[in-house]
Amino acid sequence: MISEEIQRVAAAAGRSLGVKIPVQLDHPDRPDHGDYATNWPLLAFSRLKKQRPELTNPLDLAKLLTLKLPPIKGVTRVTAAPPGFVNFWLAPDYLLAQAAAILDEEKFRQQLAKIGHGKTVVIDYSAPNIAKSFGIGHLRSTNIGQAIYNLYRLLGWRTIGDNHLGDWGTQFGRLIYMIKSKKVPLDKLTVAKLEELYVEFHHRVAKNPRLEEEGRRWFRRLEEGDREAKRIWQACVRVSRAEFDRIYRLLGVKIDYALGESYYYFQGWMDQVLTDARRRRLLQKSRGALVMKLPGLEVPAMLVKSDGATTYLLRDLATIKFRVQKWHPDLIVYEVGGEQRLHFQQVFLAAEQLGYISRRQLVHLGHGLIRSRRGKFSTRQGRTLHLEEVINEGLRRARQLVKRSGQNLSPAEKEAVAQAVAIGGIKFNDLKQEIQRDIVFDWEKILAIEGYSAPYLQYTYARGRSILTRGDVVKTARLPARLNGEELALLRTYYQFPEVLISAASQFAPHFLAQYLFQLAQKFNLFYQKHRVLGLADQKRTQFRLFLTQVTTVILRLGLETLGIQPLEKM
Ligand code: ARG
């Protein structure tokens, strides 16, 4: 409402001056700059100064805007601030009403759910590869993808999570060849064994390049429906999926679908794509391969290799065709590492050329890498770390932590806390900063009780809950005659929650939510350090402070759950 009002006035002021610049409202970093601020006067001035010499500085423009603004409900004060900002202060009773609206949780959720009502998003995430172990890279995709899924769901979108498992492709030909030539019994297969076979194949190929042909031959047989090849492939899928499921259980992640790449082979979708491409005359032969030239891209998209094998890219196109037909999504989001940027550029352009969907409805998030503090993420022997080892290390450390600090907990409670802290810590580490950036994997920071970490948020939540178990449940409160600085700081944070959820979703930036929760927790802890909540002589004050505690815990719980992190009642 506030932003609409300001938009209107600015648009009118702009018209009379001859500029058209939309108003962007931000939350200023400094509390003495109000609750909202806009740099509209700065922008308008730089646009206008040539044509309108009578305008001497942006501050005048800011003053002009403040004068033109009619009273806005909920806003108590509007000021022009140098060099050319307008700052807006929200009224405490408005802030209180916004906070109370969050406490009516069911209604609050309904309001949020109106935002995306009727829209559908498919989120393609996790997607580990069969016959390889679940790497630390797929962990990022899993955690970020799940957070985005939860955000959209909270905002009322129909959300479809699809785990696009890497369970088809030339690499299976190599594995089948190795399993055959080494006569590995299928019931003895493990993921570790499969990885070993894969490495051995590469050693062998280095000595005898002709072996590649064997791998290709077996994949061709698989794609031609050979029974034996299929049986071996199935065994590989079975052991891998059992391992992945174990990891998903540890992480507490459940993905709606896991159709996998093979689905598009078995259901004939790849053939349909080739037919579509032929019909539209998009297909070309290039040295035996079938490719599609794409506008603006040098590298053509290869759909079928010269040996007849289908490609990863063709399967992604088939997947789009399928998803569009089945779910009619408004948006498809790919939570896949940044190294696949070119691949997705090709996929999106090709899908548009094929008439499946508009490129604007396709988003590749391209997350950054995970590095260890010392550099590359690997074990001492140089091989990449497996996720399970990482999780176990986290559990070990979290148990130590709980042993030291969780005095009033039973052994079972301690174990539950350790798990929530370890898993929460690992997830938060993936979500706490812009996802495109590389992240550092540092246990000290991940498990820090004081710091920008999951345990800090979980601890703050537990602290709030423990206060609430000792006080009455309050759903509303009256404003005290005078608010102290810490109370006001909290009130000035709550109303931002829905805005944060919306921008975190629309910009695919879960770190907006992470940062917001951290700020809220800091403000709450400061409040708690300085002021008593319970047992004050002024009962109304106790009521009001219980109310603040209540709103804080509701936001922390909803926020943490949205990030996929378990809030803790006791810690
Ligand atoms: N399995 C792939 C990999 O590990 C990721 C798949 C991502 N999703 C997709 N639709 N291509 O590289």
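We count ligands from 1, going down the list as the structure has it; atoms in each ligand are counted the same way. Source: prediction; values computed, not measured.
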Heavy-atom side-chain proximity of T310 to L274 below 4.5 angstrom: no
Ionic contact status for R221 with E224, cut-off 4.0 Å: no
Check ion pair R241-D167 (N to O, under 4.0 angstrom): no
Ignoring hydrogens and angles, write down the donor-acceptor pairs under 3.5 Å from the side chains of residues 136-144, residues two or more places apart or on other chains.
from: H138; atom 1: NE2; to: A127; atom 2: O; distance (Å): 3.4
from: R140; atom 1: NE; to: D430; atom 2: OD1; distance (Å): 3.0
from: R140; atom 1: NH1; to: G368; atom 2: O; distance (Å): 3.2
from: R140; atom 1: NH1; to: I435; atom 2: O; distance (Å): 3.3
from: R140; atom 1: NH1; to: R437; atom 2: O; distance (Å): 3.3
from: R140; atom 1: NH2; to: D430; atom 2: O; distance (Å): 2.9
from: S141; atom 1: OG; to: S126; atom 2: N; distance (Å): 2.8
from: S141; atom 1: OG; to: E335; atom 2: O; distance (Å): 2.6
from: T142; atom 1: OG1; to: S126; atom 2: OG; distance (Å): 2.9
from: T142; atom 1: OG1; to: H138; atom 2: O; distance (Å): 2.6
from: N143; atom 1: ND2; to: L139; atom 2: O; distance (Å): 3.4
from: N143; atom 1: ND2; to: D430; atom 2: OD2; distance (Å): 2.7

Partners passing side-chain contact (heavy atoms from CB on, under 4.5 Å) against H343 (at least two apart in sequence or in another chain): Y312, L313, D316, Q340, V347
F344: ring pair (Phe, Tyr, Trp, His ring centres under 6.0 Å) partners, not counting sequence neighbours: Y334, F348, H364
Close N/O pairs between ligand 1 and protein, under 3.5 Å:
from: ligand 1; atom 1: 1 (N); to: A127; atom 2: O; distance (Å): 2.9
from: ligand 1; atom 1: 1 (N); to: N129; atom 2: OD1; distance (Å): 2.7
from: ligand 1; atom 1: 4 (O); to: N129; atom 2: OD1; distance (Å): 3.4
from: ligand 1; atom 1: 4 (O); to: N129; atom 2: ND2; distance (Å): 3.0
from: ligand 1; atom 1: 4 (O); to: H138; atom 2: NE2; distance (Å): 2.8
from: ligand 1; atom 1: 8 (N); to: D124; atom 2: OD1; distance (Å): 3.1
from: ligand 1; atom 1: 10 (N); to: D124; atom 2: OD2; distance (Å): 2.8
from: ligand 1; atom 1: 10 (N); to: D316; atom 2: OD1; distance (Å): 2.7
from: ligand 1; atom 1: 11 (N); to: Y312; atom 2: OH; distance (Å): 2.7
from: ligand 1; atom 1: 11 (N); to: D316; atom 2: OD1; distance (Å): 3.4
from: ligand 1; atom 1: 11 (N); to: D316; atom 2: OD2; distance (Å): 2.8
from: ligand 1; atom 1: 12 (O); to: Q340; atom 2: NE2; distance (Å): 2.8

